[in-house]
Structure formats: C-alpha cells, structure tokens
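Note that the structure is a prediction, hence the values are computed from the model and not measured.
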There are 2 protein chains.
Amino acid sequence: MLSIENAVQTLKEKNIRLTPQRHELINILSKGNKHWTVEELYQLLNESMPSVSITTVYNNINLFCELGLVKEIQFGEALSKYEWKKEDHYHIVCSECGEMVDVWYPALKEVEVFAQSISKFDISSHNLQFYGTCSNCEQK
Amino acid sequence: MLSIENAVQTLKEKNIRLTPQRHELINILSKGNKHWTVEELYQLLNESMPSVSITTVYNNINLFCELGLVKEIQFGEALSKYEWKKEDHYHIVCSECGEMVDVWYPALKEVEVFAQSISKFDISSHNLQFYGTCSNCEQK
DNA sequence: GTAGATGCAAAACGTTTGCAACCTA
DNA sequence: TAGGTTGCAAACGTTTTGCATCTAC
C-alpha cells in the first residue's frame, strides 16, 4: 500500500506542484481503502474545499493514474472507479448498486501464457471481474 | 453459433416485426464472426441502406441483447462492442487499436467459487479480458 | 517572476428520449 | 387498420478543452 509520503515524493521528483487540492485528494484516496467515482471524490473534496471544481478532480485523478499513484478500475455498465495503488487483485461488482470489493487471488499467469500462445498478441496484462449481488441488495 | 433462422424464429415468437433494417443487421452480425461497435454497424448498414439512422442501430442492438441474440462486450478504455451469440469465451484486446480476438479457455468456475466464499456477494458471472498489442500495431 | 494549476464555461462524445410519420403483420 | 418501428431532433450525463486568472515554488 502506497504511503502519502511516497506519493508526495513522486510529485516532487517530477516537479509537480503540491497544491492544496492535490494534497486533500491524496488524503482522501490514501486513507479510505475504497473505490470511488469522480463524482464521489468531487463531493468528498467539496466538504473541505467548497470552491473546488470537478475539472480539477478530473485533471488530478488522471495525473495520479499516469504517475501510478492511483489505479482506474473500468468495468461494464457503470462509470470508472478509482482506487489508491496497492498490490494486484481482482474485483467483485454488485450489478444492482455498483458496490465493489477486492478479491486477492494468485494472478492467473498460466491463462495469460495460454492466451499469448494461441494468439498473435503480445499480452501485457489481464483483468478479471466478478459480477453478482451484494448482501444489501440481496435483501431487497 | 446461433443461426439466422433461429434468430428470426425468436423474433416471430415474441411478435417482434422483421423490418428490413433488422433483417440486414442480423445478416451483418451473424455472417462475420467479429466484434463491432455501434458506429461500425451503422457504417456497414449504411452501405446497403443509406437512410438508416443510428437510433435504429441502438434500438435493435439493445433489443438483440435483451433477446440473447447478441452479446455486449464491455472493456476498459473504449466503447462497447457487440458480437453474435456463441459459446462462452474470453477476449484479448489490443490496447493500441482496440482489435479483439476470442480466447476459448475453460470457464474459471473454481475462481468464481473462491470469490463467492470470501465475499458476501451472490456471484452470477465473471469476465476475463487480456490486454496487449496485436501483431499489426507491434510492427509500428 | 514564472511555469504550472485552477476553475469556469463551452464543447465534445456516445447514448437515450420524445414524437410525428411510417409500415409490417 | 393498428400497434410496433423508424428516424429526426433535442436532451442527457460524463469527460475534455480553451482560456483567463491565480499561485506554489
């Protein structure tokens, strides 16, 4: 799990300014071990910085992705979500409400090797998502 | 692999009209064993029916998905693609150009069972995509 | 002081909706 | 002939862009 100090260090090394908006966004992302949409991050950021714009959230979440501080999780049906960088894992998504939890399972390297062997692709990564219903939505 | 006759039969059973637009869209989808975006289907349809609207493509591709004639493939970075219904399989996607090929590998049921066991989700399906570079893009 | 960042407004993009005209069964 | 379907235009929600202002270093 990436520390705030490491993140700040990365910004400094690349001469990227540590604005209050960035600092607070890093705070939010690194503290909660969750998955957020841009809109959710914008709402949270607004609580402490009412004047922040959603453009700034987009700018910075994309910047953080490029820097490898944040990972974008793309999955069907819904918006992208973002999570603070941690070890590789998979996700379960609720088809009803979009809630998402992590699944730590050994990377399916052998399936990647198989896919590489039967195709003319140079495969660099893979992604596995599970879809289902969370316990909250199950009760309804 | 679903036949045109089966598809037409499904429409008849549900009292869904076989318009020329639908017929031609079924023709395109069922003949080529490919993955198309809505825009690509619209362009192909336009070759034989210049007056067709993209709304009709959306209407019908969604209808076909609901009827189970067509499968929507959602993956990161890009638009949804659609393919004519066939046996379950996974996909490799080129990160450069979006080209997509099928991978026939036994369904990872045991991973689904594991994910179910460690979560409070009722898991109904999963999805595995591989990302890489196709041979065309590799050369560039 | 200055290059980089912010925040507003407008544009862009894919997709959906409302509705009058049309056509399949 | 009647309800399903089409195709146009407008609306929608998310994301990107242009740009003047501001600010971290």
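In this structure, B/Glu39 reaches neither bases nor backbone, as no heavy-atom distance under 4.0 Å exists between it and the strands shown. Residue contacts for A/Leu18: at a heavy-atom cut-off of 4.0 Å it reaches the sugar-phosphate backbone alone, with no base atom in range.
Listed nucleotides D/dG7, C/dT6, D/dT17 differ in distance to A/Thr56; the shortest reach to its side chain belongs to C/dT6. If you check C/dT24, D/dG7, C/dA5 against the side chain of B/Thr19, the one that comes closest is C/dT24. For A/Leu79, the listed nucleotide lying nearest its side chain is D/dT14; candidates were D/dG7, D/dT14, C/dT6. Of the candidates D/dT6, C/dG7, D/dG7, the closest approach to any side-chain atom of B/Ser53 belongs to D/dG7. Distance from the side chain of A/Val38 is smallest for D/dT15 among the nucleotides D/dT15, D/dT6, C/dA5.
Annotation: B/Lys86, atom NZ; neighbour count of heavy atoms from other residues, nucleotides and ligands within 6.0 Å is above 12. Remark: A/Glu110 CD is packed, more than 12 non-hydrogen atoms of other residues, nucleotides or ligands lying under 6.0 Å away.
Residue B/Tyr58 places none of its side-chain N or O atoms closer than 4.0 Å to OP1 or OP2 of C/dT16.
Side chains of B/Asn127 and B/His91: a donor-acceptor N/O pair is absent below 3.5 angstrom, by distance only.
Spacing between atom CD1 of B/Ile61 and atom P of C/dT15 amounts to 11 Å, rounded to whole angstrom units.
B/Phe121 and A/Phe130 have their aromatic ring centers separated by at least 6.0 angstrom.
Nearer to the 5' terminus of DNA chain C, by closest-nucleotide assignment, is the contact made by A/Ser51 (compared with the other of B/Thr55 and A/Ser51).
In the interface, the side chain of A/Arg17 is paired with the base of C/dA3 through a donor and an acceptor atom under 3.5 Å apart.
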